[in-house]
Amino acid sequence: MQNSMNKTNEEPIEIAPNIFFIGVFDPNIRTFDIIMKTANGSSYNAYLIKTNEGVVILDGVKLEFQDIFFQKVEKLCTYNEIKYVISHHLEPDHAGSIPELIKRAPQAKVLISPQATAMLKAITHNENIDFETVWTNKSLKMGDKTIKFLTTPYLHWPETMSSYVQENKLLFSGDVFGSHYHDRRLFNDLVGDFHYSFKYYYDHIMRPFKSYVLNAITLYDKLEIDLIATLHGPILRDNPKKYIDYYRKWSQNSYKLSSNGKKTLSIFYLTSYKNTQDMAEAIYEGAESVDGIIANVYDLASIEESNMINILEDSDGILIGSPTINADAPKPVWELLSCMMLLEKKGKLGSAFGSYGWSGEAVDMIIHRLKSLNFRVPPIENIKIKLIPTEEELQDCYDFGVEFSHILNGKIIEMTMN
Ligand code: FEO
């Protein structure tokens, strides 16, 4: 099987009556979007629908593979027959071949979500494209196929959408339910075990948009679905609902064992001489004195990244304590902050504190970063203490914990978002 990886005379694969897979396989990719490891490679799935009124192309492929994509298109139709190009997602792994497709089929109308308008212009540098925007409740009737559009933004870009072929009960989901997993057998009941890839993909691509996943599932739940044609990895035709249910479960999942309805405040700290630790503990005492708050303290020097992500995800508020070393926050603090790209931050409250020797820049840097990540940072004075905190300063820390917790509990205060 492996010696056929780079062949270019691939055939389209019919996945439902007159609906074809015209995507390409990329067995050699090992890192995707800089942050994801792709041990099995991946695929860029694209599709073609033939009807007696013309052809619809759904999505494209990465630019470097477009020759294979066009060979497959040409095996099924002439460019003149293409009436519509539906682009569910304009990230370059799917839109790379779209500009050339539009050149070859200039009569085709491009259908995109409203949010994709500026992106389409940016990738084609063409102001004269014939395009139309579509959303939930809009549909396209072509011959014996009815394609209904579904507004499913932020899965995982603002412009993403899905569509559904009514007659075949086929969902074109976009990136959702994808896997970076290359297997030319294509269908989930024929390929190898891709479960780890399916979960890894969710964790790295969809988890930061959990609430949008659940919104999309409310639309998918209204459909009878026999087959999910994603933009990466296996096409899901054996028990497709199972994969929707995985996403539902993961997006609803909470790792909290018990919070009794209380708000969770997580206080992370890093300490050189125990000064920032003492501050963290005083803040913790203050927070715990407030009804409706559960506070926890974590030493950043002794926490696994996967635990850190789960804790962050289940926290309503976070506080980060850091010393300043060489005018900067130490690496473990930045590692904590970089984890947050894998999380949904919507509505979370955050701030920082720390002890310092000379100048104390770390606290302001952390606050700046939290604001840029769209945390709500309350305008209460942050706590920076030179070297060893005095009893009075520890009382300030306690009071800070109390005030932050009241805000976490809903105390009205004018917030700054940037
Ligand atoms: Fe597969 Fe978000 O591109």
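Both ligands and their constituent atoms are indexed starting at 1 by order of listing.
- A donor atom on one side chain and an acceptor atom on the other are not found under 3.5 Å apart for His204 and Asp33.
- Its N, O or S atom nearest to atom 2 (Fe) of ligand 1 is what matters here, and for His156 that atom is NE2.
- Nearest N, O or S atom of Asp175 to atom 2 (Fe) of ligand 1: atom OD2.
- The closest side-chain donor-acceptor pair between His94 and Asp175 falls under 3.5 angstrom.
- For the ring-ring contact (aromatic ring centres under 6.0 Å, His included) with Phe177, the lone residue among Tyr201, Tyr243, Tyr220 that qualifies is Tyr220.
- The N, O or S atom of Glu91 with the smallest distance to atom 2 (Fe) of ligand 1 is OE1.
- Distance check, rounded to the nearest 0.5 Å: CG of Leu343 to CG of Leu312 gives 5.5 Å.
- The angle subtended at atom 1 (Fe) of ligand 1 by NE2 of His94 and OD2 of Asp93 is 80°, given to the nearest 10°.
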